[in-house]
Amino acid sequence: MEIKTVAPDVELTGATLIVGVMTDREPAPGSGEVMAGVDSAFLDVAKFEGKPGQVLALPHEHAAALLLAGVGDEASFDSVRSAVGNAIRAVKTTRAVTTLNQVPIEGATRAVVEGAMLGGYEYREYKTNGEAGAVVTVELVDAEETEIRDAVIGAEVTNLARDWVNTPALDLAPATLAARIAAAAEDAAVSCQVWDPEQIREAALGALLGVAAGSERSPSLVVLEYQPAEPKGHLGLVGKGITFDSGGLSIKTAPFMEEMKDDMSGAAAVAAATIGIARLGLPIRVTAVMPLTDNAVGGNATRPGDVLRPMTGPTIEVLNTDAEGRLVLADGLGVVRRYQPDLIVDVATLTGAARVALGDAIAAVFGSNSEVAARVLAAASRAGEHFWELPLFKEYRKQLDSDIADIKNISASRYGGAIAAAVFLAEYAGDGPWAHLDIAGPARARETTGEQVKGASGFGVRTLIELAKGMAESV
Ligand code: BES
Ligand code: MN
Ligand code: ZN
């Protein structure tokens, strides 16, 4: 999909004109005249009121079609992005033209670009037949080129993460994902190291190796580095990269295993965000570490009761092999700490408990202090992603006491599982500023609506990019 700016007198022949309509059929600011020519009888028949999610195609004097997109009660970044997402999928021509970027709100151009590119996303890799979406070009009337370019980068890297996560585990072994990340990094001039099993053993990443032990496919660890000329800060990222989570010997039941190709969403998010930050040329150094492995059930699999030795930090008694994310993150955090970043952020589809607590639309954020969590929340709100802070409640640490090792990987309590996992990770995150993002809920979109397309969401990518922007501005 190509996005460009055009003059107000652009030729509409063959194009679909997308306009925004507010609740009660009020024209969205910037699209007033178009509505004046619309016969309200058409709107009555279609019960079109301008509510969020409503889209109505009508004939137009000059264009191939006029598409009314319901924005709802308030024009905001979210409502405009969502309206464009819904509209883009209803376009039957290869060209779409819109003035929705002229709605007088902060980031209107970006909302339109994200709505079109994220809402128009399709994963067609394994579809033999069937039609692809029609739209090839989206033309924004009188938009800033630089705003378009930056928004396109954010949307492209989000869709890159979606592609990786949507890929079936069969075709995405740890080494394959590492190679795909390396190829994307190379295009963006981000340096990339891929550690093979030998290097992982030399570095003594015993927790990652323990998770990998049950799989025939060997683990990889990817380190991406983006080094701008005059960095204003250094962001360290760690992403959970479980290429398939069967649960290991503590095997999952079939319904819970269905979606576990998603379990590398954290790794995909940090890789895509690093590439986005580099392509945007933000003055923040980024070091991103992605431990990649299956969690499988082979004859050599780690058993409940086994003890693992991560690179640094407490030895771990594994009582449930399905709590594997925190194990690979322990080693990922150990590796990123060697680079001494100013702030460490890890991203992981870590616990079903986070999803139980916050649902499918909201991720949990934990901060080593409230200022760190506030920075993530501010970045998320600029990105239009939903997070909620949960407490890093240190009193729960004793529920992780092990009889024979320094810590165990599951809590003695059945409750508060997302917090227990965060308290576990705190043991490996060091003493500096650190945030933990548990994206188990929103990593996957369960329906197609607005800028969301059923399947991998690319959640977290744009929040991490905004976080880097925030770091650049705060110094
Ligand atoms: N990958 C899962 C968490 C998950 C669940 C992600 C649902 C997305 C959707 C993780 O490795 C896991 O299995 N966690 C266990 C931890 C438990 C054994 C302490 C869980 O949440 O049940
Ligand atoms: Mn698991
Ligand atoms: Zn997992």
Side-chain angles (χ1 to χ4, degrees), residues 165-166 169 172 174 177 207-208 210-215 219 238-269 290-297 301-306 308 316-332 346-364 366 390 396 399-400 402 407-425 436-446 455-460:
V165 177
N166 280 327
L172 203 76
L177 176 55
L208 172 58
V211 176
S215 179
V238 182
K240 172 179 173 182
I242 300 296
T243 40
F244 188 76
D245 183 11
S246 71
L249 289 176
S250 315
I251 197 163
K252 289 181 185 290
T253 54
F256 285 107
M257 213 188 289
E258 264 175 37
E259 299 184 343
M260 284 301 132
K261 70 171 184 180
D262 291 5
D263 216 19
M264 34 57 75
S265 298
M290 289 135 275
L292 309 178
T293 178
D294 284 332
N295 185 25
V297 295
T302 292
R303 293 148 287 257
D306 286 351
L308 303 177
I316 307 165
E317 184 184 14
V318 177
L319 289 175
N320 189 317
T321 62
D322 199 11
E324 85 297 340
R326 63 199 74 183
L327 303 177
V328 304
L329 290 172
D331 273 336
D346 77 73
V347 186
T349 46
L350 201 63
T351 66
R355 198 171 154 205
V356 169
L358 298 172
D360 288 328
I362 308 170
F366 298 83
L390 292 182
Y396 289 170
Q399 298 173 354
L400 296 170
S402 160
I407 196 168
K408 60 183 179 183
N409 77 329
I410 51 167
S411 172
S413 167
R414 290 177 55 194
Y415 304 107
I419 300 174
V423 169
F424 178 97
L425 292 178
H436 160 56
L437 316 186
D438 191 336
I439 62 167
R444 176 182 285 251
R446 271 145 231 287
S457 63
F459 189 92

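In listed order, ligands and their atoms are each counted from 1.
- Any N or O atom pair closer than 3.5 Å counts here, and T351 shares no such pair with ligand 1.
- Close N/O approach between N320 and ligand 1 is not found [any backbone or side-chain N/O within under 3.5 Å].
- The minimum heavy-atom distance between D438 and T349, with the atom names listed, is OD1-C, 4.2 Å.
- Listed by chain and number, the protein atoms of type N/O/S under 2.8 Å from the Zn ion (ligand 3) are K240 NZ, D245 OD2, D263 OD2, E324 OE2; waters are omitted.
- Contact annotation: for E259 versus ligand 1, there are no heavy atoms closer than 4.0 Å.
- Considering only non-hydrogen protein atoms, atom 9 (C) of ligand 1 sits nearest to M260 CE, 3.7 Å.
- The number of protein N, O or S atoms lying under 2.8 Å from the Mn ion (ligand 2) is 4.
- Closer than 4.0 Å to atom 22 (O) of ligand 1 lies none of the heavy atoms of the protein.
- Side chain to side chain, T243 and D294 meet the donor-acceptor criterion of an N or O pair below 3.5 Å.
- Heavy-atom minimum distance, A421 versus L350: CB-CD2, 3.6 Å.
- For atom 15 (C) of ligand 1, the nearest protein heavy atom (residue, atom name, distance) is D322 O, 4.0 Å.
- In terms of polar-atom proximity, defined here as any N/O pair under 3.5 Å, R355 makes no such contact with ligand 1.
- In terms of N/O distances under 3.5 Å, ligand 1 is approached by G352.
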